[in-house]
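Worksheet: the structure to be examined is printed underneath.
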Amino acid sequence: MDVLELIARADERGLAASGVACLDRCLPPPEGDADPEPLRPLWAGCGSAERWGGLLDAAYAALEIPAGTDETVARVRALLAAAPRDFAAGPLRAWADACSLLALDVHRAFDLPAGDGVGTAALRAAGAAGGGPLVTGELRRQTEILESLASESGGGLRQVLDLSTEGRRVLRAVMSRRARGRGRPDEVSLT
């Protein structure tokens, strides 16, 4: 099953966790004394309709951005602001879809090839055909996360958090290499 089908079939918990996981992987390394995992408390709200709205607000506040701060952080923060406060499948499905596309956009900016000329939604629909290894890996990770959450015997949120953390490490390693000048010449800086 592809990511679009998995999003279409996911329940509220799966949609919330999938969206949070995508946003979590997008965040650049923290600067200074900033919290290295500002979305970590939000993971606890993925299974709790009662706590979801309050934890979204807290995550949004944790990512308060001064002028001139990273564009990706601003995009993550905008998606947190747009996240539905009610724990209903319809609105969460649209939000999880937007989070999926943002994660693919961020990975695509650092990928070789970048899939130039093809939109991110088209890359996702094509199973990342024409995308590079970062986009392909991110799409695989999104699929694994949604399948794990849909499975009766899945590892639950802990397994999803582990998969997401692995993806964040991969992307941050690429960001770090690019920052040291070993990346592609037309690099896009997200840090």
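This one's a predicted model, so the numbers in the text were calculated from it and none came from an experiment.
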Please answer whether the main-chain N or O of [Y] pairs with a side-chain N or O of [X] as donor and acceptor at a distance below 3.5 Å.
X: Arg172; Y: Pro28; value: yes
X: Arg77; Y: Tyr60; value: yes
X: Ser151; Y: Glu147; value: no
X: Arg141; Y: Ser164; value: no
X: Arg178; Y: Phe110; value: yes
X: Gln142; Y: Val3; value: no
X: Ser148; Y: Glu144; value: no

Check ring pair (Phe, Tyr, Trp, His ring centres under 6.0 Å) between Trp95 and all other residues, then give those that pass, not counting sequence neighbours.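 So Trp95 forms a ring pair (Phe, Tyr, Trp, His ring centres under 6.0 Å) with Trp52.
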On a heavy-atom basis, which atom in [X] and which in [Y] lie closest, and how many Å separate them?
X: Ala21; Y: Val160; value: CB-CG1, 4.3 Å
X: Glu138; Y: Ala103; value: OE2-CB, 3.3 Å
X: Cys99; Y: Cys22; value: O-CB, 3.4 Å
X: Ala10; Y: Gly14; value: CB-C, 4.4 Å
X: His107; Y: Gly167; value: NE2-O, 4.5 Å
X: Arg93; Y: Ile7; value: NE-O, 2.9 Å

Please list all pairs passing the ring pair (Phe, Tyr, Trp, His ring centres under 6.0 Å) test where one or both residues lie in residues 3-36, with sequence neighbours left out.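 Every pair satisfying ring pair (Phe, Tyr, Trp, His ring centres under 6.0 Å) with a residue in residues 3-36: there are none.
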Please check if Val106 and Leu101 belong to a single hydrophobic cluster, counting links between Ile, Leu, Val, Met, Phe, Trp and Tyr side chain heavy atoms closer than 4.5 Å.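 No, separate clusters.
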Following the transitive rule for hydrophobic clusters with a side-chain heavy-atom cut-off under 4.5 Å over Ile, Leu, Val, Met, Phe, Trp and Tyr, establish whether Leu15 and Leu4 coincide in one cluster.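 No; tracing contacts between hydrophobic side chains, which count when under 4.5 Å, never links both residues.
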So do [Y] and [X] actually touch side chain to side chain, heavy atoms under 4.5 Å?
X: Leu149; Y: Leu157; value: yes
X: Asp105; Y: Arg75; value: yes
X: Leu80; Y: Leu39; value: yes
X: Thr72; Y: Leu27; value: no
X: Arg40; Y: Leu161; value: yes
X: Leu139; Y: Asp2; value: no

Member of Leu171, Val170, Thr165 meeting the side chain to side chain contact (heavy atoms under 4.5 Å, CB included) criterion with Arg168: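 Result: among Leu171, Val170, Thr165, Thr165 is the only option passing the side chain to side chain contact (heavy atoms under 4.5 Å, CB included) with Arg168.
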Residue pair Asp162, Arg158: steps toward the salt bridge (Lys or Arg N to Asp or Glu O under 4.0 Å) verdict: CA-CA 6 Å; Asp162 290 344; Arg158 181 71 222 168; 2.8 Å; yes
Hey, could you give me each pair passing salt bridge (Lys or Arg N to Asp or Glu O under 4.0 Å) that has a residue in residues 41-60? Not counting sequence neighbours.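 Salt bridge (Lys or Arg N to Asp or Glu O under 4.0 Å) check on residues 41-60 returns Asp57-Arg85.
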Could you tell me whether Glu166 and Arg169 have a side-chain N and a carboxylate O separated by less than 4.0 Å?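 Salt bridge flag = no for Arg169 with Glu166.
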